[in-house]
Amino acid sequence: MRHSLKFGIVLLSGIAIAGVAAAQSDPNSAPNPYREDAGWAKHGAGRNFGSTPGLAIDRDGKSLWVFDRCGGQTCENSNIDPLTKYDASGRVVTTLGAKMFVRPHGITVDTDGNVWLADGVGIAPKDGKPGKGHVVMKVSPEGKVLMTLGTPGVTGEDATHFNAPSDILIAPNGDIFIADGHGAKTNARIAKFDKTGKFIKAWGKEGKGQSEFDEPHGLAMDSQGRLFVADRANNRIQIFDQDGKFLAEWRQFGRPSGIAIDKNDVLYVADSQSNEKENPGFKQGIRIGSAKDGKVTAFIPETKDFDSEEATAFDEAGNVYAGYTGAMNLKRFVKK
């Protein structure tokens, strides 16, 4: 097996593992070149942020789409729009999506500017009417539903059903990757569709081995076309080719909840759960490094809103964003 990765790869029982280099034996030692830009964005009209697991930069490279849980921990029985677009100054541009979602989770924006949204928990159909949730929706920037993957309100593990989908990624050729599963009694797989929504394949099952998952919580893709999966409860990132072939696992970025990669292969990973019980030695925050060699070069430590920093994103100006679930917050970090 030939590997282009240079970051401490060893072979162990046939599994390629990229370990932490000796120079980075302390996973919290990377410098923090950022400061919080406090108060950057506000909802306005007295509306507070809800649990905020979904952040994505618009195709303009400046505006930020935020997918939150309707000012609280769920959108069930809410009339609030969970999808908000901010311009670069933090001003609200538009809000969308009232009554469409149950428990917002992952989000991405494609090259046409359409927004893809994962509704991670469902409401079962009642009285023969369609339910909600357990779906991925493609919507226009104006909120028109263009595609729905999954069966609303119904769980499963086949071509037409999900069980708690967490995130979405759109490949350069338009293929759609879904991180399907969010913990016990849900799924633990990656599902792949073509750009028309036709099912291609799926891989993965619950477990701790290669190509197995425990909460596949986030997705990103590097310039080589490799798929990075935030395998959260396994305290690792798993890396695959687009056919699902396992390439490597990285543990030096902590217990990953949110993951993003820019055009220069800078990797951003939000760690919302590391502690002495779940992932000893790692502190919570956002680790920034290279998707090419796996080296961690910066660390924005969490200092207040612990156990919440699930989402991360970046803009073309180099600002870094964090979305918080339990703490129900949104933060922007700028270079010092």
Side-chain angles (χ1 to χ4, degrees), residues 27-58 60-73 80-96 104-107 109 115 218 230 253-262 266-275 282-289 296-336:
N28 313 302
S29 64
N32 179 14
Y34 295 87
R35 62 172 178 83
E36 184 182 347
D37 186 9
W40 168 75
K42 295 180 175 63
H43 270 293
R47 156 108 143 80
N48 295 322
F49 288 107
S51 180
T52 305
L55 304 178
I57 294 296
D58 188 70
D60 66 10
K62 302 175 182 178
S63 305
L64 178 71
W65 288 93
V66 177
F67 198 31
D68 89 310
R69 293 174 184 156
C70 300
Q73 291 291 352
I80 293 175
D81 288 328
L83 184 60
T84 304
K85 183 181 181 181
Y86 296 89
D87 66 14
S89 70
R91 180 180 65 89
V92 173
V93 176
T94 189
T95 64
L96 304 166
H105 209 279
I107 178 175
V109 178
V115 186
F253 286 85
R255 187 174 172 94
S257 287
I259 184 169
I261 300 174
D262 72 15
V266 177
L267 172 61
Y268 304 79
V269 181
D271 182 340
S272 66
Q273 293 188 347
S274 282
N275 55 47
F282 286 81
K283 294 181 179 179
Q284 296 177 19
I286 298 175
R287 290 178 177 84
I288 302 169
V296 179
T297 57
F299 178 49
I300 306 173
E302 183 52 56
T303 59
K304 178 182 177 183
D305 295 325
F306 294 105
D307 305 319
S308 293
E309 193 175 3
E310 287 205 9
T312 190
F314 56 86
D315 63 26
E316 64 179 15
N319 302 311
V320 180
Y321 300 85
Y324 295 76
T325 51
M328 296 191 288
N329 202 358
L330 169 69
K331 297 180 185 179
R332 181 167 86 161
F333 301 95
V334 300
K335 289 289 183 68
K336 292 178 181 177

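We count residues from 1, following the sequence as given. Heavy atoms only: backbone and side chains are in, while hydrogens, waters and symmetry mates are out. Quick caveat, the model's predicted, so the values are computed rather than measured.
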Any idea which heavy atoms bring [X] and [Y] closest together, and the distance?
| X | Y | result |
| --- | --- | --- |
| Ala88 | Trp40 | O-NE1, 3.2 Å |
| Ala311 | Gly54 | CB-N, 4.1 Å |
| Glu316 | Asp60 | OE1-O, 3.8 Å |
| Asp87 | Ser63 | CA-OG, 4.0 Å |
| Pro53 | Thr325 | CB-CG2, 4.0 Å |
| Phe253 | Gly289 | CE2-N, 3.8 Å |

[atom2] on [Y] to [atom1] on [X], rounded to 0.5 Å:
| X | Y | atom1 | atom2 | answer |
| --- | --- | --- | --- | --- |
| Ser89 | Lys62 | OG | NZ | 11.5 Å |
| Leu330 | Asn48 | CG | CG | 12.5 Å |
| Ile261 | Tyr268 | CD1 | OH | 10.5 Å |
| Glu310 | Gln273 | CD | CD | 6.5 Å |
| Arg69 | Phe67 | CZ | CZ | 9.0 Å |
| Gln73 | Met328 | CD | CE | 5.5 Å |

Give a yes or no on whether the backbone of [Y] and the side-chain of [X] come within a donor-acceptor separation of less than 3.5 Å.
| X | Y | result |
| --- | --- | --- |
| Gln284 | Ser274 | yes |
| Lys336 | Asn32 | yes |
| Asp271 | Gly254 | no |
| Arg287 | Phe299 | no |
| Asp68 | Thr52 | no |

Do [X] and [Y] come close enough that some side-chain heavy atom pair is under 4.5 Å?
| X | Y | value |
| --- | --- | --- |
| Val320 | Ile286 | yes |
| Ile288 | Tyr34 | yes |
| Val109 | Ile57 | no |

Quick check on side-chain contact (heavy atoms from CB on, under 4.5 Å): which of Thr95, Leu55, Leu83 does Val66 satisfy it with? Leu55
For Asp305, all residues meeting side chain to side chain contact (heavy atoms under 4.5 Å, CB included), sequence neighbours excluded: Glu302, Tyr324, Ala327, Asn329, Lys331
Across all chains, not counting sequence neighbours, the side chain to side chain donor-acceptor pair (under 3.5 Å) partners of Asp58 are Trp65
All side chain to side chain donor-acceptor pair (under 3.5 Å) counterparts of Ser308, not counting sequence neighbours: none
